[in-house]
Amino acid sequence: MHLLVALAAVAAAPPPAEAQAPAVPPPGQTSVVRVLSLGEALATARRLQPQLRQARAGAAAAGARADEARAALLPSLAAAASYARQTANPRATSPAYSWKTGDSWSLSATASLLVWDFGRSWGTWRAASAGAAAQLESERAARLQVDLQVRTSYFAARAARDLVAVARETLANQEAHLRQIEGFVRAGTRPEIDLAQARTDRANALVQLINAENGDAAARAQLALAVGLDGPADFEVGDETPGAVRGEELATDEILPEAAASRADLAALEAQVRAQELALGAARAASWPSLAVSTGISDRTPALADAGWNWNATATLTWTAPLFLAPAQVDEAGANLEALRAQAAALRLQVRLDVEQARLAVRAARGALEAAQLALASARDRLRLAEGRYQTGVGSAIELGDSQLALTAAAAQRVQARYALASSRAQLLRALGREGGE
């Protein structure tokens with residue numbers, strides 16, 4: 001939005017002779033500002049962006065949940081020791097009662113293992129593992145989304161900077177015309193209304209420069225937010241121009257298989273489908289019994305020195321068949337599975353649309369940039385001819401002003417075309433699921 005407002009503002013200003021970014025600091029700025037490259041912005045976002053930190057934490061938590069589910073399949077150990085001071089009175093029929101107390105120690109150690117539960121615990125673990133894999137893909141999807149945000153914000157900041165250059169050149173051009181017209185008016189070859197018009201044009205150019213500089217600051221602040229920088233946006237963006245995306249000239253059906261295989265959000269959803277399939281199997285197994293074995297040693301003695309350990313081994317068959325709960329859980333798991341499958345089908349359709357839209361946007365932006373280059377060259381020729389006609393007394397101030405306005409609009413249009421091409425290529429990278437820059 002900031003870029004569009006800035007473009008509209010500069011397009012209304014008189015034209016510059018050239019719309020290139022300045023190679024030296026602007027007037028009044030004595031120190032060289034740090035230049036932030038696109039690669040540095042992407043690397044910094046990978047490290048600092050809160051969205052990615054949250055995604056990484058979510059993936060770590062999912063991995064921990066998978067380990068928790070696996071614990072049910074592994075042996076478990078338990079040990080207990082207790083000490084009591086108690087009386088040792090005989091049966092209630094005996095009259096010999098005493099409040100005399102003695103030591104009592106209770107010691108035990110047990111190892112247990114689930115043997116079989118018809119796949120319920122196994123399915124629960126595999127479902128949790130598939131869920132962890134889905135979270136890893138979701139983390140990658142978040143990384144691709146952050147890359148897209150950083151790239152588009154970076155190119156928007158570069159466009160805003162170029163618009164400042166357009167406004168500075170416009171102001172310099174207007175000031176040169178003002179000095180020239182002042183000489184013509186003093187010589188009596190031009191009416192004073194031309195001088196008034198020149199002063200108005202110069203003032204308008206100054207206003208447009210102020211607006212462009214404000215848009216530049218806002219765009220850099222937006223870039224800092226996308227990168228995750230907590231502090232002032234005291235940097236400038238570089239002159240990097242993204243190269244062509246490999247395959248951007250191909251038809252949608254030719255590059256769609258890559259997107260279907262590489263899109264992280266689609267891979268995450270397919271992993272969720274797999275996890276839900278396993279969860280459905282575990283829910284069905286909940287109606288069947290489970291078998292577990294355990295072994296241990298124990299003793300209960302009044303003195304540790306007299307302990308005599310006893311060994312035991314136990315096999316336990318447990319069958320808890322909730323008559324109404326288990327079928328309802330199976331139905332719920334089945335309905336959730338169907339919903340995920342439908343969601344995955346919808347996302348596959350969206351992937352095709354994303355690729356088609358991004359590919360068409362790249363093609364349109366390339367054509368628009370070529371047209372903008374031609375329009376800019378024509379606008380320069382028009383201004384040159386208008387200036388010559390005005391100097392010889394043939395042209396009018398209105399003709400000169402219109403030519404200047406046309407050149408400014410053409411320069412701003414080229415900036416917009418460059419931004420559109422860079423951002424559409426960033427969109428295509430994201431649509432294809434690529435983490436690289438080509």
Side-chain angles (χ1 to χ4, degrees), residues 51-52 54-76 113-145 256-292 317-355 430-435:
Q51 296 178 43
L52 293 185
Q54 183 179 359
R56 284 192 291 267
R65 286 193 296 270
D67 291 340
E68 292 171 6
R70 184 178 59 175
L73 299 170
L74 301 177
S76 63
L113 175 66
L114 175 67
V115 177
W116 184 246
D117 63 355
F118 290 87
R120 178 175 55 186
S121 297
W122 180 263
T124 300
W125 171 48
R126 293 181 65 193
S129 298
Q135 281 298 119
L136 286 175
E137 292 296 340
S138 295
E139 179 189 350
R140 188 165 69 93
R143 190 163 61 245
L144 290 171
Q145 184 62 32
L256 185 60
E258 178 188 352
S262 302
R263 282 282 290 260
D265 50 354
L266 184 56
L269 197 51
E270 289 173 346
Q272 291 179 35
V273 170
R274 178 58 180 159
Q276 191 58 38
E277 290 173 344
L278 295 168
L280 176 58
R284 288 170 175 162
S287 299
W288 297 95
S290 62
L291 175 64
L317 181 66
T318 304
W319 191 3
T320 302
L323 298 180
F324 302 103
L325 179 60
Q329 290 175 332
V330 171
D331 291 343
E332 179 187 3
N336 290 336
L337 176 58
E338 180 59 27
L340 283 172
R341 285 173 174 168
Q343 188 177 351
L347 183 56
R348 291 188 190 96
L349 297 176
Q350 184 63 46
V351 168
R352 169 178 280 277
L353 179 61
D354 291 346
V355 173
R430 194 266 179 190
L432 294 173
R434 294 183 192 170
E435 295 193 60

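By convention here, the first residue in the shown sequence is residue 1.
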Next item on the list: Please report the closest heavy-atom contact between A282 and T124, naming both atoms and the distance.
Entry: CB-OG1, 3.7 Å
Next item on the list: Taking atom CD of Q54 as the centre, report whether more than 12 heavy atoms of other residues, nucleotides or ligands fall under 6.0 Å from it.
Entry: no
Notebook entry, point to check: Taking the side chain as C-beta and beyond, is there a heavy-atom pair between L144 and R434 under 4.5 Å?
Noted result: no
Note to self: Tell me whether Q272 contacts the main-chain N or O of G131 through its side chain, where contact means a donor paired with an acceptor under 3.5 Å.
What the structure shows: no
Item checked: Intermediate values then yes/no, side-chain contact (heavy atoms from CB on, under 4.5 Å), R126 and R70 -> CA-CA 8 Å; R126 293 181 65 193; R70 184 178 59 175; over 6 Å; no
Checklist line | Criterion side-chain contact (heavy atoms from CB on, under 4.5 Å) on V273 and L337, from CA distance to verdict | finding: CA-CA 6 Å; V273 170; L337 176 58; 4.0 Å; yes
Notebook entry, point to check: Side chains of L114 and S290: closer than 4.5 Å at any heavy-atom pair?
Noted result: yes
Notebook entry, point to check: So, for L432 and V355, which heavy atoms are closest and what is the spacing to 0.1 Å?
Noted result: CD2-CG2, 4.3 Å
Note to self: Using 30° and 60° as the class boundaries, would you call the ring planes of W122 and W125 parallel, tilted or perpendicular?
What the structure shows: perpendicular
Note to self: Salt bridge or not between R341 and E277? Use side-chain N to carboxylate O under 4.0 Å.
What the structure shows: yes
Next item on the list: Give a yes or no on whether a salt bridge exists between R430 and E435, defined as a side-chain N under 4.0 angstrom from a carboxylate O.
Entry: no
Margin query: Nearest 0.5 Å, please: how far is CD in Q343 from CG in L347?
Written below: 7.5 Å
Check: Closest heavy-atom contact between A285 and F118?
Finding: CB-O, 3.2 Å
Check: What closest approach, in Å, do L278 and A130 show between heavy atoms, and which atom pair accounts for it?
Finding: CD1-CB, 4.5 Å
Notebook entry, point to check: Is the side chain of R352 donor-acceptor paired with the backbone N or O of L256 at a distance under 3.5 Å, no angle test?
Noted result: no
Notebook entry, point to check: What are the two closest non-hydrogen atoms of R348 and L266, and how far apart are they?
Noted result: CG-CD1, 3.8 Å
Next item on the list: Find the distance between CD (E137) and CZ (R143) and round it off to the nearest 0.5 Å.
Entry: 9.0 Å
Checklist line | Pair R140 + D265: basic N to acidic O under 4.0 Å | finding: no
Checklist line | Main-chain N/O of S287 paired with W319 side-chain donor or acceptor, under 3.5 Å | finding: yes
Notebook entry, point to check: How long is the gap from CZ on R274 to OG on S129, to the nearest 0.5 Å?
Noted result: 11.0 Å
Next item on the list: Determine the minimum heavy-atom distance between A259 and V351, stating which atoms define it.
Entry: CB-CG1, 3.8 Å
